[in-house]
Amino acid sequence: MKIVVLVKQVPDSGADRNLRSDDNTVDRASASNVINEMDEYAIEEALRLQEAHGGEVVVLTVGPDRATESIRKALSMGPDSAVHVVDDALHGSCAVATSKVLAAAIAQQGADLVICGAESTDGRVQVMPHMIAERLGIAALTGARKVTVEKSSVTIERQTDEGYEVVTASTPALISVWDTINDPRYPSFKGIMAAKKKPLQTLSLGDLGIAPGEVGFDGATSAVVEHSKRPPRQAGNKIDAGDDGGSKLVEYLASEKFV
């Protein structure tokens with residue numbers, strides 16, 4: 001079984017994140033960049049399936065040159081190899097264009113399963129798994145909290161607000177996972193050293209048969225027009241204790257429709 005895991009490098013959600021002033025895109029050059037948290041759960045699930053059924057795990061990333069840092073981090077967890085799609089023309093790509101690039105790269109791999117995080121911490125649109133599956137013409141089993149593979153069939157428990165749904169499809173298929181599915185392993189020293197020697201294939205848009213005008217700002221279906229910093233937090237309303245303090249509190253809560 002061949003499993004492709006989608007990994008995205010994102011600005012650390014625990015640090016300040018900014019947009020560039022020149023083109024309103026995420027400022028990745030000055031940020032502390034890490035693997036998207038959900039993708040670590042996807043890597044772990046792929047490795048567990050490999051341990052149970054054998055096969056190969058390939059990490060796939062679309063991003064600038066610096067994304068190699070996250071690729072090596074992902075490989076240190078245990079995957080066998082990686083593919084990095086890097087091209088200057090990709091800067092400014094929207095989710096729709098990015099899904100086209102990812103789908104083209106996945107198609108070259110001939111994967112039985114594609115696993116990714118349910119969302120990225122920098123975008124949070126949660127549409128990438130669905131768009132990639134649609135482009136590839138395969139089933140999308142999204143929001144998984146548990147994955148079971150049996151021969152050419154894959155079953156997930158899809159997490160919902162009320163509980164979970166059981167969804168089954170034939171492979172090839174795409175699975176997105178939540179952080180409830182497992183506990184990602186920490187890279188060992190041996191894994192970190194081994195990651196430096198694992199195969200890393202670099203692809204351009206030309207290698208995928210995609211023209212530069214189909215991605216980037218020219219091919220974008222959406223764009224950030226302007227942005228501004230979040231305003232500082234304002235002081236709240238203060239009600240002094242007194243004979244009429246309770247009445248004033250009720251009046252305020254009523255005005256805000258809390259009661």
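The first residue of the sequence shown is numbered 1, and numbering continues consecutively from there.
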[X] side chain near [Y] side chain, heavy-atom distance below 4.5 Å:
X	Y	result
Thr121	Asp12	no
Pro79	Val58	no
Met128	Cys116	no
Tyr164	Gln159	no
Met1	Leu113	yes
His130	Thr142	yes
Asn33	Val10	no
Thr168	Val154	no

Look up atom [atom1] in [X] and atom [atom2] in [Y], then write down how far apart they are to the nearest 0.5 Å.
X	Y	atom1	atom2	answer
Leu75	Asp80	CG	CG	9.0 Å
Leu174	Ile138	CG	CD1	5.0 Å
Leu19	Asn24	CG	CG	6.5 Å
Asp87	Ile210	CG	CD1	9.5 Å
Ile35	Lys73	CD1	NZ	5.0 Å
Ile3	Thr171	CD1	OG1	11.0 Å

Treat each ILVMFWY residue as a node, draw an edge where side-chain heavy atoms are under 4.5 Å apart, and state whether [X] and [Y] are in one component.
X	Y	value
Val125	Ile175	no
Ile132	Ile115	no
Leu136	Val4	yes
Met38	Val147	no
Val149	Ile181	yes

Mind listing the side-chain donor-acceptor pairs of residues 200-208 below 3.5 Å, one per line with the distance, residues two or more places apart or on another chain?
residue: Ser204; atom: OG; partner: Gly206; partner atom: N; Å: 3.4
residue: Ser204; atom: OG; partner: Asp207; partner atom: N; Å: 3.4
residue: Ser204; atom: OG; partner: Asp207; partner atom: OD2; Å: 3.2
residue: Asp207; atom: OD2; partner: Ser204; partner atom: N; Å: 2.9

Open item on the list: With a 3.5 Å distance limit and no angle check, can you tell me whether Ser153 reaches the backbone of Glu150 through a side-chain donor-acceptor pair?
Closed with: no

Task: Lys2 side chain vs Gln109 backbone, donor-acceptor pair below 3.5 Å - done: yes

Task: Qualifying salt bridge (Lys or Arg N to Asp or Glu O under 4.0 Å) pairs, either residue in residues 110-122, two or more places apart - done: Lys8-Asp122, Arg28-Asp122, Glu119-Arg124

TODO: Not counting sequence neighbours, list each pair that qualifies as a salt bridge (Lys or Arg N to Asp or Glu O under 4.0 Å) and has a residue in residues 126-147.
DONE: Arg145-Glu157

Could you tell me which non-hydrogen atom of [X] sits nearest to which non-hydrogen atom of [Y], and how far apart they are?
X	Y	answer
Ala195	Ser76	CB-N, 3.6 Å
Pro184	Met77	CB-CE, 4.2 Å
Phe217	Thr25	CZ-CG2, 3.7 Å
Ala74	Ile43	CB-CD1, 3.7 Å
Ala118	Ser176	CA-CB, 4.0 Å
Leu141	Ala169	CD1-CB, 3.6 Å

Task: Single hit among Leu102, Ile71, Val7, Val114 for side chain to side chain contact (heavy atoms under 4.5 Å, CB included) with Leu60 - done: Leu102

TODO: Check each of Leu90, Val96, Thr98 against Val215 using the side chain to side chain contact (heavy atoms under 4.5 Å, CB included) test, and report the only one that passes.
DONE: Leu90

Which residues pass the side-chain hydrogen bond (donor to acceptor under 3.5 Å, both in side chains) test with [X], not counting sequence neighbours?
X	result
Asp183	none
Ser170	none
Glu214	Lys100

Task: Residue list, ring-ring contact (aromatic ring centres under 6.0 Å, His included) with His53, at least two apart or on another chain - done: none

TODO: State whether a side-chain donor-acceptor pair under 3.5 Å links Asn182 with Glu45.
DONE: yes

Task: Remaining members of hydrophobic cluster (4.5 Å side-chain criterion), Met193 - done: Phe189

- [ ] For the pair Glu44 and Arg48, find out whether any cationic side-chain nitrogen is under 4.0 Å from an anionic carboxylate oxygen.
- [x] yes

Open item on the list: With ring pair (Phe, Tyr, Trp, His ring centres under 6.0 Å) as the rule and sequence neighbours excluded, what pairs involving residues 54-85 come up?
Closed with: none

- [ ] I would like to know whether Glu56 and Lys198 meet salt bridge (Lys or Arg N to Asp or Glu O under 4.0 Å); could you show each step before the answer?
- [x] CA-CA 13 Å; Glu56 177 185 6; Lys198 290 182 179 180; over 6 Å; no

- [ ] Could you please spell out the steps behind the side chain to side chain donor-acceptor pair (under 3.5 Å) verdict for Gln9 and Thr61?
- [x] CA-CA 8 Å; Gln9 186 182 61; Thr61 295; over 6 Å; no

Side-chain donor/acceptor pairs under 3.5 Å, residues 251-259, sequence neighbours excluded:
residue: Ser255; atom: OG; partner: Tyr252; partner atom: O; Å: 2.6

Open item on the list: Looking at Asp88, I'd like to know if its CG atom is crowded, meaning that more than 12 non-hydrogen atoms belonging to other residues, nucleotides or ligands lie closer than 6.0 Å.
Closed with: no

Open item on the list: Suppose we screen for salt bridge (charged side-chain N to carboxylate O under 4.0 Å, His left out). Which residues come up paired with Glu165, at least two apart in sequence or across chains?
Closed with: Arg158

TODO: Given side-chain contact (heavy atoms from CB on, under 4.5 Å), test Asp39 with Leu6 step by step and report yes or no.
DONE: CA-CA 7 Å; Asp39 297 344; Leu6 305 186; 5.8 Å; no

Open item on the list: I need the full list of side chain to side chain donor-acceptor pair (under 3.5 Å) pairs touching residues 187-197, with sequence neighbours left out, sorted by first then second residue.
Closed with: none

